[in-house]
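Letters A, B, ... are given to chains in the order of the sequence lines, protein chains preceding strands, and every chain is numbered from 1. In this text the structure is predicted, and so the values were computed from the model without any measurement.
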Protein chains: 2
Amino acid sequence: MTLDIKHALFTQFARIGKVLGNAHRLALIEYLAQGERSVEALAKVSGLSVANTSQHLQQLRQAGLVETRREGQRIHYRLSGEDVVVLLDAIRNVATRHLAEIDQLVDTYLNTKDNMEPVPAAELVQRLKRGEVTVLDVRPEEEYTAGHLPGAVNIPLAELEERLAALPPEREVIAYCRGPYCVLSFDAVAELRRRGYRARRLEEGYPEWRSAGLPVEETRH
Amino acid sequence: MTLDIKHALFTQFARIGKVLGNAHRLALIEYLAQGERSVEALAKVSGLSVANTSQHLQQLRQAGLVETRREGQRIHYRLSGEDVVVLLDAIRNVATRHLAEIDQLVDTYLNTKDNMEPVPAAELVQRLKRGEVTVLDVRPEEEYTAGHLPGAVNIPLAELEERLAALPPEREVIAYCRGPYCVLSFDAVAELRRRGYRARRLEEGYPEWRSAGLPVEETRH
DNA sequence: ATATTATTCAATTGAATTATTGAATACAAT
DNA sequence: ATTGTATTCAATAATTCAATTGAATAATAT
């Protein structure tokens, strides 16, 4: 009796879970967390066909995770709210806390690529004091504005290529994003190295930095 | 190149999502949030066969969401960490914020059952001042200890039947749990009414109460 | 009007998931 | 040893999901 309603409720919740149960859709959400994107752009970065991308996006929309806006002949998708990012982070947290495979993955990744070991927060604090490094925040602008590491430069990943000039080429760059397994900073480091920069990832993300009680800056306006 | 690793990472994250994409498993997690339970007990409350329950639980275990402990001939399952509850809440939040169906569901539920309208926080504050009502916290003891409404009695749902004596029968009972759609308080109210109590749900859950700046108590020891 | 571009729809295929059933373990009690 | 109880495993059928293909919209440009 009351079980019916309860089951119906959980069935609705499960719609959210179901739609999160696919690597491509999670990747799409991650890209969308950087800002609004067209279907074509999303297809390109995710490596999926346009039709397939469109169908995944529609599932996300039916689950209420994304919304659309038409502009001329293209349709722009965006996350439907901040809480979607929170949800993705919650999954990331549980996954990294409980799935040993993830540590392995990151390990093999680090060992494959030439020394891409992340910089621990403590080390960064020291080097910041000596003014040795450029700190790069690759998260979307809104998140940067809400709070960031002291002195960090904000260049969202998508704009990195064109705004490279903002980074002095001789200084090592330490990139960070949302957490230890947020892929944005991986990509940023890869890109910077291609361009000849010395670049490494910060081991922790902004949330960890902040909750460790380390100094942060907030932009007011 | 870097896409392989990224995809592998998201595939791991998707394992979590996939396992959350089923109403029965979400219900199992909800029950487990109340504390350790045997397979048989979980099968009973969820209305599934034992074999089916067992298989769902094993999926949850493979995804790292639950852990087991053997005691004699029965195996007790428990959530593998607090972060699993956080994750479930994140899903609930997104779902209720974006899926209109859920409000409808709850509406029809409320209209079906004789006036089960929830009590808004503001109303409870007034009635608490006049000492009219018993406030009942049906969450697990640990969550109650971490913080609860002022003067609330804690009886986890599973113990409600046996500890009914703790509730004065003539006073109306206002039950609450984690959020507006946490099913624990629905069940509690249903049970109390069966026993002849006047009982209603608090519209908000503890997190909403707290973040509204209303007074809370924390148990220290 | 016609062609072009971006996106969506519909149908198909093969793979994965769910619930059910009955058999198999693993421990406990007699 | 034998029996009973709790849980898991294995096989099956029904359902659902993912990717592909080609056609259909919908706005824009010629």
Side-chain angles (χ1 to χ4, degrees), chain A residues 3-4 6-8 10-29 31-32 35-78, chain B residues 3-4 6-8 10-29 31-32 36-63 65-78:
Chain A
L3 229 156
D4 289 347
K6 215 157 57 168
H7 190 261
F10 279 121
T11 301
Q12 293 306 320
F13 297 152
R15 280 178 60 190
I16 306 284
K18 208 165 275 179
V19 102
L20 296 172
N22 176 281
H24 294 307
R25 282 193 292 268
L26 291 181
L28 288 172
I29 293 176
Y31 293 129
L32 285 172
E36 217 183 44
R37 291 285 185 282
S38 70
V39 178
E40 193 187 22
L42 289 166
K44 197 165 184 181
V45 289
S46 63
L48 298 173
S49 74
V50 171
N52 199 1
T53 303
S54 169
Q55 298 186 159
H56 281 304
L57 288 170
Q58 280 171 68
Q59 289 193 49
L60 289 173
R61 191 176 49 190
Q62 276 162 34
L65 300 189
V66 305
E67 295 167 350
T68 56
R69 178 176 70 81
R70 171 151 227 147
E71 186 181 292
Q73 51 196 6
R74 55 172 57 109
I75 292 183
H76 296 276
Y77 278 81
R78 63 175 178 280
Chain B
L3 229 157
D4 289 348
K6 216 155 59 167
H7 190 260
F10 280 122
T11 301
Q12 294 305 319
F13 297 151
R15 281 177 60 190
I16 306 284
K18 207 165 276 178
V19 102
L20 296 172
N22 176 281
H24 294 307
R25 282 194 291 269
L26 291 181
L28 288 172
I29 293 176
Y31 293 129
L32 285 173
E36 217 181 45
R37 293 284 185 282
S38 70
V39 178
E40 194 188 20
L42 289 167
K44 198 165 183 180
V45 289
S46 63
L48 298 173
S49 74
V50 171
N52 198 3
T53 304
S54 169
Q55 297 185 160
H56 281 303
L57 288 170
Q58 280 170 68
Q59 290 193 49
L60 289 172
R61 190 176 51 190
Q62 276 162 34
L65 301 187
V66 305
E67 295 167 351
T68 55
R69 178 176 70 81
R70 172 150 228 149
E71 188 180 290
Q73 51 196 5
R74 56 170 56 108
I75 291 183
H76 296 275
Y77 278 81
R78 63 174 178 281

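- Residues satisfying the side chain to side chain donor-acceptor pair (under 3.5 Å) test with Glu36(A), not counting sequence neighbours, are Arg69(A).
- When the P atom of dA19(C) is taken as reference, atom CG of Leu28(B) falls 10 Å away, rounded to whole Å.
- Gln59(B) meets the side chain to side chain donor-acceptor pair (under 3.5 Å) test with Arg25(B); sequence neighbours excluded.
- Going from atom CG of Asn52(B) over to atom P of dT18(C) covers 9 Å, rounded to whole Å.
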Check the interface with nucleotides 24-30 of chain D: list each N/O to N/O pair with the protein under 3.5 Å, or write none.
none

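- Remark: His76(B) is not in phosphate contact with dT7(D), judged by side-chain N or O atoms under 4.0 Å from OP1 or OP2.
- Of all the residues in residues 18-26 of chain A, not one reaches under 4.0 Å from DNA chain C with any non-hydrogen atom.
- Inter-residue side-chain proximity for Val45(A) and Thr53(A) is flagged as unmet; no heavy-atom pair is nearer than 4.5 Å.
- Listed by chain and number, the residues in a salt bridge (charged side-chain N to carboxylate O under 4.0 Å, His left out) with Arg70(B) amount to none (sequence neighbours excluded).
- With a 4.5 Å cut-off on side-chain heavy atoms, Leu65(B) and Val19(B) count as touching.
- In this structure, NZ of Lys44(A) is placed 11 Å from P of dA6(C), rounded to the nearest angstrom.
- By the side chain to side chain donor-acceptor pair (under 3.5 Å) test, Gln55(A) is found to be paired with no residue, residues two or more places apart in sequence or in another chain being considered.
- What separates CG of Leu42(A) from C1' of dA6(C) is a distance of 13 Å, to the nearest Å.
- With rounding to whole Å, Leu57(B) atom CG is found 15 Å from dA19(C) atom C1'.
- Every residue meeting the ring pair (Phe, Tyr, Trp, His ring centres under 6.0 Å) condition with His24(B), not counting sequence neighbours, appears here in chain and number order: His7(A).
- Side-chain atoms of Arg74(A) lie closest to dT7(C) of the nucleotides dT8(D), dT7(C), dT18(C).
- Under the rule for a side-chain contact (heavy atoms from CB on, under 4.5 Å), the partners of Ala51(B) that lie at least two apart in sequence or sit in another chain are Ser49(B).
- For Glu67(A), the salt bridge (charged side-chain N to carboxylate O under 4.0 Å, His left out) partners two or more places apart in sequence, or in a different chain, are Arg78(A).
- Separation of atoms NE2 (His56(A)) and CG (Leu26(A)) is listed at 10.5 Å; rounding is to 0.5 Å.
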Please tabulate the protein-to-nucleotide N/O contacts below 3.5 Å involving nucleotides 9-14 of chain D, giving atom names and distances.
| residue | atom | partner | partner atom | Å |
| --- | --- | --- | --- | --- |
| dC9(D) | OP2 | Gln58(B) | OE1 | 2.3 |
| dA10(D) | N6 | Gln55(B) | OE1 | 3.1 |

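- We find the CZ-NZ distance between Arg37(B) and Lys44(B) to be 12.5 Å, quoted to the nearest 0.5 Å.
- Between Glu40(B) atom CD and dT8(D) atom P there is a gap of 12 Å when expressed in whole angstrom units.
- Taking atom CZ of residue Arg69(A) and atom P of nucleotide dA6(C), one finds them 16 Å apart after rounding to whole Å.
- Distances shorter than 4.0 Å separate none of the side-chain N or O atoms of Tyr77(A) from OP1 or OP2 on dA6(C).
- Looking at which nucleotide of DNA chain D each of Ser38(B) and Leu48(A) is closest to, the 5′-most match is held by Ser38(B).
- Every residue two or more places apart in sequence or in another chain that forms a side-chain contact (heavy atoms from CB on, under 4.5 Å) with Arg61(B) is listed here: Gln58(B), Val66(B), Thr68(B), Tyr77(B).
- As rounded to whole Å, 11 Å separates atom P of dT18(C) from atom CG of Leu60(B).
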